[in-house]
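Following: one structure in structure tokens, then a few remarks.
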Amino acid sequence: MRKGHRYCLLLMLCCCTAGLWAQDALTKAYNITWLSQSINAGESMPVGGGDIGCNVWVENNELLLYFSQSGSFDENNAFLKSGRLRLKLSPNPFNKDVFRQELVLKNGYIDIQSGHGGVQASLRIWVDVFSPVVHIDISANKAIKAEAVYENWRFADRVQKGKENNANSWKWASHVPVITRPDQIGFNQDEVRFSHQNIAPTVFDATVKQQGLDSLKSRLFNPLEGLTSGGLLKGNNFVKGQEGEGQYLNTKFRSWSLVSRRPTKKQSLQIFLHHSQVSNIEDWNKQLKGIVNNYKANPNKTIAWWNDYWKRSFIIIDPAKAATESWQLGRNYQLFRYMLGCNAYGKYPTKFNGGLFTVDPVLTDSSIKGTPDHRNWGGGTFTAQNQRLVYWPMLKSGDIDMMTPQFDFYNRLLPTAELRTKTYWGHAGANFNEQIENFGFPNPTEYGWKRSAGFDPGVEYNAWLEYEWDTVLEFCMMILQSQSYAGKDIAAYLSLIKKALVFFDEHYQYQAKKLSNKALDGNGHLILYPGSGAETFKMAYNASSTIAALKAVATALLKLPASYLNETDRKYFEGLVNRIPPIPFTTFNGKTTIAPATVWSRVNNVESSQLYPVYPWGLYGVGRSGIDTARNTYWNDSFALKFRSHIGWKQDNIFAARLGLTQEAKRLNTLKLKNSDRRFPTFWGPGFDWVPDHNWGGSGMIGLQEMLMQTVDNRIYLFPAWPKEWDVHFKLHAPQQTTVEAILKDGKIVSLEVLPLERKKDIIVQLQ
């Protein structure tokens, strides 16, 4: 271990200078600027805000954008895009030789400029953070006309075939025809209105019946019933145009256009989006009309939100070495955090498999002929093992407010989880499966349409997912930590945390009594069998990842302020901590290592769950006892070595940082966060999932954060795995509502600010 040295507050540069360095990087160096048009949607640029994301590109002298709103699920639980807009200008100012498209990161908008034949035009595309509205503002040096064409590919029943069904909750189910129903689209005076209303039955109905809970159906949360999503396109100076049809890439579409009433130098278009559960379309239309009538555009308010967003937190690496690989890491960290900010206030969490920014699937996998709605691993299916990596970095980046959609996702499914638990096993607690639908059930196809007679109805009939139940505890831990990081009142989530823990206590005593006449082992510990070490170590006995999860969450629960737990609860969870079995160990090359489990029957995937006690659970690492055992595991365990990678959701970069392995953390985080092989630098993937791969980006953010700062109890370790040769300026958040901002230059700390001031005594700087 490196020797730690306590540092007092050091301010050799004033905070003003530090702030200017950060602002300069965000306003100039980190903007993405393209000087040529795009070939297709695969070369698009993201813009968004609130709960809306758009892919923006210029192709063949026309502006195009896809637009999506979080929570727009159809009958099959596919996540629908709201449509595509094509903008044509006349006389056309777009020119392939004089062109500039820029993402202005600090302000959260895209500017496009081009000129041709004496006509110079500028376009600004931005999304209102506080209202569900997309803006396209057009200005030119001469009066021009514009045609705004709304394009939709859901104009008739579409039978989903083969791999296309990976976009919905039916997946590879072959016993039922899967049909995407058409939208309702048409002119409403000088507007184009579009909507998709779910028609019963939906995949929810089939799933409830499949999993034996039809008698409880009225008590279950059903987010698909009557869900209507869509919106309208309108603009000042625009009137009804023509209907048409066409094909983009491999997908046919129909179109409805609005055209300028007369040529003018300034024009603007707005796309209003809305979704809600209604019994009839008239109610939805009234709601949409209310949004439109009450809306007052305030671009400065949205710009102010983005400006404040960047002040919360940042990581800027080697600012004097623009375009180097190390510089890219800091820039790409900021770019991906920008993408997360586009769904800050969605009703649903940001999806791990593309977020709001997917495009035509043929641009990712040429064998998939689906529509732009496609993404692998489902639209309304939230795979917790992946989702967790999208949300963990928000603690240190200070984006606690953006974690609410993920917390609420589980909280509203709590009654369903309790009902399932009570019905299937007759005991208390709340069971949450790893791959969970937005209505709280396991995905029906992963659950299995052809199950063996007598198989436990609460368990997925699936080699990867059976008995993998502990991922909910990561979100419980995030909730608990949000209380310390931001002073968030978590009383509304306390029942979720307690009942998620109670499930393991109750269920494994229940399981033990089924197999013997004792509920606990000879040492008074739970017998966690059958269990699972992630999706990898199956039919496990006392998986170390589950043990670490139970211990970490139960201990954190007991550390909450006294007002959160009554004496009865406190005694119960103190007893639970004592019933949790110890972490199992094994040996490799004569060295003690953390074992994936005491025993397991097979290896099914490629996750190093034996290192989960390092991350996310923090039982081992810098500043903790047993770090040598954890390092032995990293360097010697044959599975950990075989599985090592930076791709997708792999978190070896995080393990290395947590263990203070500076050069290894540098290597893996460089691979993780370097530019993607697509035009936009942070459209990584597909990895194991889809493009842009959000759990790839999330794990990269975490790895960089952990290289810079780690917290253990009251201690704050700075630079525990940071290479001295990388200059850096960062601002990150820590427990006890603490922020740390520092500048490291030429291997020396030249500025350090800790707030509140009394936390400066807890700083320990570790630089090799």
Side-chain angles (χ1 to χ4, degrees), residues 211-212 383-385 417 420-436 441-443 445-448 450-474 499-551 553-554 576 579-586 594-610 612-613 617 639:
Q211 298 180 24
T383 303
Q385 183 77 353
R420 291 180 65 253
T421 302
K422 193 70 174 178
T423 302
Y424 294 145
W425 300 300
H427 61 71
N431 170 262
F432 292 91
N433 292 76
E434 195 273 329
Q435 195 170 76
I436 189 170
F441 280 64
N443 175 268
T445 299
E446 304 282 7
Y447 181 83
K450 297 179 180 179
R451 296 164 60 92
S452 294
F455 193 80
D456 188 335
V459 179
E460 287 154 297
Y461 196 61
N462 181 287
W464 283 263
L465 300 175
E466 61 187 15
Y467 306 109
E468 189 181 2
W469 296 327
D470 56 18
T471 41
V472 65
L473 296 176
E474 296 203 35
K499 289 174 181 178
L501 287 168
V502 166
F503 168 77
F504 286 89
D505 194 22
E506 292 269 345
H507 189 73
Y508 282 104
Q509 292 191 55
Y510 159 84
Q511 284 284 88
K513 287 177 182 177
K514 283 176 63 178
L515 299 172
S516 74
N517 66 351
K518 297 291 184 180
L520 303 171
D521 70 11
N523 296 311
H525 295 142
L526 293 169
I527 302 165
L528 300 174
Y529 176 83
S532 186
E535 292 185 19
T536 299
F537 299 96
K538 305 306 294 185
M539 294 298 288
Y541 183 103
N542 285 356
S544 55
S545 50
T546 304
I547 292 167
L550 291 170
K551 183 175 182 179
V553 174
L576 173 59
R579 287 190 291 278
I580 298 169
I583 296 285
F585 299 98
T586 187
I594 305 166
T598 303
V599 292
W600 58 91
S601 67
R602 69 180 189 278
V603 175
N604 223 72
N605 207 339
V606 289
E607 298 147 318
S608 297
S609 63
Q610 62 271 51
Y612 283 23
W617 300 118
F639 292 112

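- Tyr529 has its ring centre no less than 6.0 Å from the ring centre of Trp600.
- With hydrogens and angles left out, the side-chain atoms of Asn462 and Glu446 include a donor and acceptor closer than 3.5 Å.
- Side-chain contact between Gln509 and His427 is absent, with no heavy atoms from C-beta onward closer than 4.5 Å.
- Remark: the Ser544 side chain and the Tyr612 side chain contain no N/O donor-acceptor pair separated by less than 3.5 Å.
- Taking the side-chain hydrogen bond (donor to acceptor under 3.5 Å, both in side chains) definition, one finds that Thr536 meets it with Glu607, sequence neighbours left out.
- In this structure, CD1 on Ile527 lies 11.0 Å from OG1 on Thr598, to the nearest 0.5 angstrom.
- Ala384 is linked by a side-chain contact (heavy atoms from CB on, under 4.5 Å) to Tyr410, Glu434, Thr471, Phe475, counting only residues two or more places apart in sequence or in another chain.
- Evaluation of the side-chain hydrogen bond (donor to acceptor under 3.5 Å, both in side chains) rule for Asn431 yields Arg420 as partners, not counting sequence neighbours.
- None of Glu535, Gln385, Lys538 except one satisfies the side-chain hydrogen bond (donor to acceptor under 3.5 Å, both in side chains) rule with Asn605; the exception is Glu535.
- Side-chain contact between Phe537 and Phe639 is present, with heavy atoms from C-beta onward closer than 4.5 Å.
- Between the side chain of Ser532 and the main chain of Ala534, a donor-acceptor pair closer than 3.5 Å is present.
- In this structure, Phe455 CZ and Glu466 CD are separated by 6.0 Å, a value rounded to the nearest 0.5 Å.
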Which is it for Phe503 and Asp505 under the side-chain contact (heavy atoms from CB on, under 4.5 Å) test, yes or no, and what are the steps along the way?
CA-CA 6 Å; Phe503 168 77; Asp505 194 22; over 6 Å; no
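- Here the straight-line distance linking atom CG of Leu528 with atom CG of Leu550 works out to 6.5 Å at 0.5 Å rounding.
- The side-chain contact (heavy atoms from CB on, under 4.5 Å) test applied to Lys551 returns Thr555, Ile580, Leu619, not counting sequence neighbours.
- In this structure, the side chains of Leu520 and Tyr508 stay at 4.5 Å or more apart for every pair of heavy atoms.
- Residues satisfying the side-chain contact (heavy atoms from CB on, under 4.5 Å) test with Pro582, not counting sequence neighbours, are His525.
- Atoms CG and CH2, from Asn433 and Trp469 in turn, are 7.5 Å apart once rounded to the nearest 0.5 Å.
- Rounding to the nearest 0.5 Å gives a distance of 12.0 Å between CD of Glu506 and NZ of Lys499.
- Side-chain contact between Tyr447 and Val459 is absent, with no heavy-atom pair separated by less than 4.5 Å.
- With sequence neighbours left out, the side-chain contact (heavy atoms from CB on, under 4.5 Å) criterion links Ala595 to Pro584, Thr586.
- Within the model, atoms CG of Leu515 and OH of Tyr510 stand 10.0 Å from one another, a figure rounded to the nearest 0.5 Å.
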